[in-house]
Amino acid sequence: MAKQLKYNCINHPMYIIKANGEKELFNRNKLATTLARIGLKTDLIDKVINKVETTLSRRPTSQEVIRRALVELQKNNIAAAARYNLKRAIMNLGPTGFPFEQYIARLLETYGYEVKTNIHAKGFCIYHELDIVAHKENRRVMIECKYHNSPGLRSDVKVTLYTYARFLDIKKSWEQEKNSLNDFHEVWLITNTKCTHDAIQYAKCAGIKIISWRYPENQSLEQLIDNKKLYPVTILLNGNKMIFSKLTQAGYLLTSDLAAATLADISKKTGLKERLLYPIYQEATALGK
């Protein structure tokens with residue numbers, strides 16, 4: 001044990017294997033920034049990082065760092081632990097992209113958009129099924145949602161090319177028909193992971209708005225979620241796939257949906273016993289504070 005602690009000491013370089021297989025040095029400041037972002041104070045940040053650093057295995061992965069940090073956060077601040085789990089929680093909305101689309105629709109509604117999902121739009125060449133159509137202040141937005149269920153995957157330039165090609169085909173159709181009721185003023189790509197450099201560069205050039213993990217600055221996906229506390233129920237650490245499935249089927253997609261209801265109502269709508277729902281309900285209430 002003493003040998004491992006010496007290996008993990010901050011005076012000795014320690015490499016982390018990222019989700020994409022690459023290696024990078026364990027960076028205390030990077031983890032500290034993440035913990036500060038979810039609302040932890042300095043003394044607790046130091047405590048969590050020190051515990052993580054001294055308990056990692058000899059060949060730690062980024063997922064192990066997350067798990068170790070979650071263990072410590074659960075002991076000290078359950079609400080912060082849930083926020084730290086946000087990226088994984090969004091991935092757990094799957095396995096298909098449909099729940100992610102529904103979640104993004106709810107997010108946009110909270111920001112004042114009128115939203116429709118799974119809309120068929122006529123293109124010049126073919127018909128297109130659109131994930132989301134959003135409307136606000138006389139502007140209609142075509143939105144492509146790209147869901148990934150693995151943290152190592154990124155949306156690459158092929159995704160932006162595909163999104164823009166569909167937009168141009170639809171645009172050509174309504175320009176030919178001169179029907180302004182069916183036009184789109186903007187095209188967005190919303191994804192739950194990061195985008196590659198080429199994808200971002202092409203989007204900037206083509207006029208596609210990207211909302212992804214950590215991008216754009218001050219308006220990234222996690223910031224839009226956190227600003228209004230729009231956490232998916234899958235963020236709750238006391239839940240599991242069965243419980244989450246029952247909750248979402250009953251219409252409880254957000255933790256705020258749970259916090260706004262009574263325990264008895266949730267139990268009645270989901271068929272789950274109150275004693276099973278209680279710790280989840282407590283978490284949801286804590287996240288709303």
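Computed from a predicted structure; not experimentally measured.
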Margin query: Per the side chain to side chain donor-acceptor pair (under 3.5 Å) rule, what does the pair list look like for residues 96-109, sequence neighbours excluded?
Written below: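 Qualifying pairs: Arg106-Asp257.
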
Contact summary for [X] and [Y], nearest pair of heavy atoms:
{"X": "Leu93", "Y": "Pro232", "result": "CD2-CB, 4.1 Å"}
{"X": "Ser155", "Y": "His148", "result": "OG-NE2, 3.1 Å"}
{"X": "Tyr147", "Y": "Asn192", "result": "CA-OD1, 3.4 Å"}
{"X": "Ala134", "Y": "Leu108", "result": "CB-CD1, 4.5 Å"}
{"X": "Asn138", "Y": "His185", "result": "O-CE1, 3.4 Å"}
{"X": "Ser212", "Y": "Thr193", "result": "CB-O, 3.3 Å"}

Check: Can you name the residues that form a salt bridge (charged side-chain N to carboxylate O under 4.0 Å, His left out) with Arg139, not counting sequence neighbours?
Finding: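 Once residues adjacent in sequence are excluded, the partners of Arg139 under the salt bridge (charged side-chain N to carboxylate O under 4.0 Å, His left out) criterion are Glu186.
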
[X] side, atom [atom1]; [Y] side, atom [atom2] - distance, nearest 0.5 Å:
{"X": "Glu53", "Y": "Asp46", "atom1": "CD", "atom2": "CG", "result": "11.0 Å"}
{"X": "Leu107", "Y": "Tyr113", "atom1": "CG", "atom2": "OH", "result": "10.5 Å"}
{"X": "Gln63", "Y": "Leu70", "atom1": "CD", "atom2": "CG", "result": "10.0 Å"}
{"X": "Thr117", "Y": "Asp131", "atom1": "OG1", "atom2": "CG", "result": "9.0 Å"}
{"X": "Thr248", "Y": "Leu254", "atom1": "OG1", "atom2": "CG", "result": "11.5 Å"}
{"X": "Glu64", "Y": "Ile16", "atom1": "CD", "atom2": "CD1", "result": "7.5 Å"}

Using a 3.5 Å cut-off and no angle test, enumerate the donor-acceptor pairs between side-chain atoms of residues 196-210 and protein atoms at least two apart in sequence or in another chain.
unit_1 : atom_1 : unit_2 : atom_2 : d
Thr196 : OG1    : Ala199 : N      : 3.2
His197 : NE2    : Gln201 : OE1    : 3.3

Is the [atom1] atom of [X] crowded by more than 12 outside heavy atoms at less than 6.0 Å?
{"X": "Tyr278", "atom1": "OH", "answer": "no"}
{"X": "Lys136", "atom1": "NZ", "answer": "yes"}
{"X": "Phe98", "atom1": "CZ", "answer": "no"}

Note to self: Between Asp169 and Gly123 (side chain of the first, backbone of the second, donor and acceptor by atom type, cut-off under 3.5 Å), is there such a pair?
What the structure shows: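 No; judged by distance alone, with no hydrogens or angles, the pair does not exist.
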
Check: Is Ser267 reaching over with its side chain to a backbone N or O of Leu263, donor-acceptor style, under 3.5 angstrom?
Finding: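 Judged by distance alone, no pair lies under 3.5 Å.
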
Can you confirm whether [X] sits close enough to [Y] that some side-chain heavy atom of one is under 4.5 Å from a side-chain heavy atom of the other?
{"X": "Arg140", "Y": "Val133", "result": "yes"}
{"X": "Leu287", "Y": "Lys229", "result": "no"}
{"X": "Leu230", "Y": "Leu224", "result": "no"}
{"X": "Leu86", "Y": "Asp226", "result": "no"}
{"X": "Thr55", "Y": "Val71", "result": "no"}
{"X": "Leu272", "Y": "Ile266", "result": "no"}
{"X": "Leu31", "Y": "Phe26", "result": "yes"}
{"X": "Leu73", "Y": "Leu35", "result": "yes"}

Who pairs with [X] by side-chain contact (heavy atoms from CB on, under 4.5 Å), at least two apart in sequence or on another chain?
{"X": "Glu217", "answer": "none"}
{"X": "Lys23", "answer": "Tyr15, Ile17"}
{"X": "Phe167", "answer": "Met142, Tyr164, Lys171, Phe184, Val187"}

Per the salt bridge (Lys or Arg N to Asp or Glu O under 4.0 Å) rule, what does the pair list look like for [range], sequence neighbours excluded?
{"range": "residues 156-166", "value": "Glu144-Arg166, Asp156-Lys158"}
{"range": "residues 110-127", "value": "Lys122-Glu177"}
{"range": "residues 70-80", "value": "Glu72-Lys75"}

Do you reckon [X] sits in the same ILVMFWY cluster as [Y], going by side-chain contacts under 4.5 Å, direct or chained?
{"X": "Val159", "Y": "Met91", "answer": "no"}
{"X": "Ile90", "Y": "Leu153", "answer": "no"}
{"X": "Phe124", "Y": "Tyr162", "answer": "no"}
{"X": "Leu40", "Y": "Val65", "answer": "yes"}
{"X": "Tyr127", "Y": "Ile143", "answer": "no"}

Note to self: Run the side-chain contact (heavy atoms from CB on, under 4.5 Å) test on Gln219 and Ile211 for me, step by step, so that the C-alpha distance in whole Å, both residues' side-chain angles and the decisive distance to 0.1 Å come before the verdict.
What the structure shows: CA-CA 7 Å; Gln219 202 179 20; Ile211 298 176; 5.6 Å; no

Margin query: Pair Tyr281, Glu274 - check side-chain contact (heavy atoms from CB on, under 4.5 Å), show working.
Written below: CA-CA 9 Å; Tyr281 187 69; Glu274 288 189 28; over 6 Å; no

Notebook entry, point to check: Are Glu222 and Ser220 linked by a side-chain donor-acceptor pair shorter than 3.5 Å?
Noted result: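 Their side chains do contain a donor-acceptor pair, which is all the 3.5 Å distance test asks for.
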
Notebook entry, point to check: Given Tyr111 and Asn227, is the side-chain contact (heavy atoms from CB on, under 4.5 Å) satisfied, shown in steps?
Noted result: CA-CA 10 Å; Tyr111 277 90; Asn227 286 345; 3.6 Å; yes

Next item on the list: For Thr262, enumerate each residue passing the side-chain hydrogen bond (donor to acceptor under 3.5 Å, both in side chains) test, keeping only those at least two apart in sequence or located in another chain.
Entry: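 Thr262: side-chain hydrogen bond (donor to acceptor under 3.5 Å, both in side chains) contacts with Asp265.
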
Next item on the list: Show the numbers, then the answer: is there a side-chain contact (heavy atoms from CB on, under 4.5 Å) between Trp188 and Ile132?
Entry: CA-CA 10 Å; Trp188 297 3; Ile132 297 176; over 6 Å; no

Side-chain atoms of residues 234-243: list all donor-acceptor pairs with protein atoms under 3.5 Å, sequence neighbours left out, distances to 0.1 Å.
unit_1 : atom_1 : unit_2 : atom_2 : d
Thr234 : OG1    : Ala89  : O      : 2.7
Asn238 : ND2    : Glu283 : OE2    : 2.8
Asn240 : OD1    : Met242 : N      : 3.1
Asn240 : OD1    : Ile243 : N      : 2.9

Next item on the list: Any ring-ring contact (aromatic ring centres under 6.0 Å, His included) involving residues 225-257? Give me the pairs, sequence neighbours left out, ordered by first then second residue.
Entry: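 Of all non-adjacent pairs touching residues 225-257, none passes ring-ring contact (aromatic ring centres under 6.0 Å, His included).
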
